[in-house]
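For clarity, every value in this text was computed on a predicted model and none was experimentally measured. In listed order, ligands and their atoms are each counted from 1.
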Amino acid sequence: MISKAPAPGADTSGDPYLPAHGNGGYRVRHYELNLDYKVGPNRLSASAVLTAEATQALSRVSLDFGEFRINRVLVDGKPAKYLKRGAKLHVRPAKSIASGAVFLIEVHYVGNPRPVRSRWGDVGWDELTDGALVASQPVGAPSWFPCNDHPADKASYRVTLTTASSYLVAITGNLVERVIGGSTTRWVFERPEPTATYLMSVQLGRYDELELTGRGWFPHTGVGTRRFTLGFGRGHVDSVLQTVPQRAAVPPRLRRAFERDFGRQGRMIEMLQRLFGPYPFDEYVIVVTDDDLDDPIEAQGMAIFGANHVDGRRTYERLVVHELAHQWFGNSLTVADWRHIWLNEGFATYAEWLWSEESGGQPASALARSWHTRIKAKPADVRIADPGVARMFDERVYKRGGLTLHALRAEIGDPAFFALLKAWTGDHRHGLVTTEQFVAMAEAYAARSLDAFFERWLWTPALPPLPGA
Ligand SMILES: [Zn+2]
């Protein structure tokens, strides 16, 4: 067991908002997770093998990890000493790891996974009435696997899960194997793209599996098969759009309502690809739980909705496009640290407004005016480029983020604005992003300094007037 206090930096990512999540001294390249899960008793028996690279010489390694009984820890195949203290697992290999070396950490563990309590509520692995879900943003990942829990340490994954055959399993990744062995089924998913820990998800339930085509989900309805004309983004229309396979896991009782509520998702994918560039993953999976959820949540190549978000009347269609937009903004382009959260939520909000206009609802300009009026009535005490940890998910970060983009569009004009969005998603595809990088790229596309503009819109709490209003 380790008795010495951790060296400075070893147990912290240095994240200005969530320094206790993430650890220094190494980066994870790949996670191999083997999970055996029993739904009734909520029992997880698992192993995790992390392939990591030392960024400095290491006599020990810290991981973020929840409350499990740890049976064994190996480093490069050899038993290692370890100490579980609070939310950290400290591992001391038999032999120090040289800077630059690639090494394997293997953790065998068992327990009843439960969510991480946070200021944003319970996040991570949670039981459903009959199944389980994982929704980890921002700090829930250690509730089910040992990890370097920081968005900047993106890695690839292979996840194997064995559970009762009566459950449908969806895990963020491409399904590569499904082996039915009598009463249990083994599911294997691979996630080759760099993925943040908070975007890994496991979904288990008694769901119907729907295979959906890329263009129109339900050809018999004719939805999504007709061509339509974009009213904006002139000059940025791709002639070839990627067909994105879409699947869904839906409770049988909600299937009909789901088909209507998500019936235009194929068109949304078309629009977003035209505006933001190619869809970043091989497929898109929707999970609707049989339980209600507070909010839908994005995962890598996936989004999870509650039963309460499906009513057969498209009441929550803006959330369908919002979660879809996160595949570009948040999932492919991931915040380098949480201060930059508006780069996720402002863009997803603006995608809602663009879809509204595209689908014959209110134009983006009308939604911008309406939200400008509403935000103006609220206290002006949030800097959206650095809202503070307590306000990361404040509505004002979302709506002012959308307003900032709308104002930028007015400031630099549609051709530069939409070219910028595509360059932004293209240049940083599967990478990390900061507000400073976005400002620099916007200035390059505007071919002039936008200092004063961004100072008003990103760094000043007072809400500036909306251009053209
Ligand atoms: Zn969002």
Side-chain angles (χ1 to χ4, degrees), residues 17-18 118-124 133-141 151 172 195-201 261-262 265 268-269 271-272 275-276 279-281 284-289 293-306 308-310 315-356 364 367-368 371 374-375 382 384-385 387-406 421 424-425 432-433 435 438:
Y17 287 5
L18 296 167
S118 77
R119 63 169 80 222
W120 307 279
D122 287 356
V123 292
L133 97 169
V134 173
S136 289
Q137 193 184 31
V139 292
T172 38
T195 297
T197 48
Y198 83 89
L199 290 168
M200 284 304 294
S201 182
D261 287 359
F262 287 74
Q265 189 172 260
M268 293 173 187
I269 291 179
M271 182 191 84
L272 298 192
L275 299 179
F276 306 149
Y279 178 78
F281 305 104
Y284 188 48
V285 176
I286 296 289
V287 177
V288 179
T289 60
L293 300 179
D294 289 342
D295 298 297
I297 185 129
E298 71 272 20
Q300 197 83 310
M302 179 189 277
I304 303 106
F305 292 77
N308 50 315
H309 300 122
V310 174
T315 304
Y316 303 98
E317 193 176 59
R318 74 169 187 87
L319 301 176
V320 177
V321 71
H322 180 107
E323 301 310 325
L324 178 60
H326 276 312
Q327 302 306 320
W328 285 263
F329 306 107
N331 300 11
S332 171
L333 279 66
T334 303
V335 291
D337 67 64
W338 293 110
R339 287 173 303 174
H340 312 290
I341 185 73
W342 85 276
L343 292 172
N344 294 6
E345 301 305 345
F347 282 75
T349 299
Y350 199 53
E352 295 174 27
W353 301 351
L354 295 172
W355 170 251
S356 171
L367 286 164
W371 277 108
R374 286 156 82 170
I375 296 298
V382 181
I384 71 155
V389 65
R391 287 173 171 162
M392 267 168 62
F393 300 107
D394 189 292
E395 186 188 36
R396 288 167 292 178
V397 173
Y398 288 55
K399 307 303 184 192
R400 265 199 73 166
L403 288 170
T404 298
L405 291 170
H406 193 69
L421 292 193
W424 178 241
T425 58
L432 301 172
V433 288
T435 298
F438 181 72

For the Zn ion (ligand 1), give me the closest N/O/S atom belonging to His326, just the atom name. NE2

Proximal heteroatom of Glu345 relative to the Zn ion (ligand 1) (N/O/S): OE1

Using distance alone, with no hydrogens and no angle criterion, decide if Glu345 and His326 have a side-chain donor and acceptor under 3.5 Å apart. yes

Drop me the distance from Phe347's CZ to Leu275's CG, to the nearest 0.5 angstrom. 12.5 Å

Within-4.5 Å side-chain heavy-atom neighbours: Tyr316 and Asp261: no

Are Phe393 and Tyr398 an aromatic pair, judged by ring center distance below 6.0 Å? no

Taking both backbone and side-chain atoms into account, decide whether Glu323 has an N/O/S atom under 2.8 Å from the Zn ion (ligand 1). no

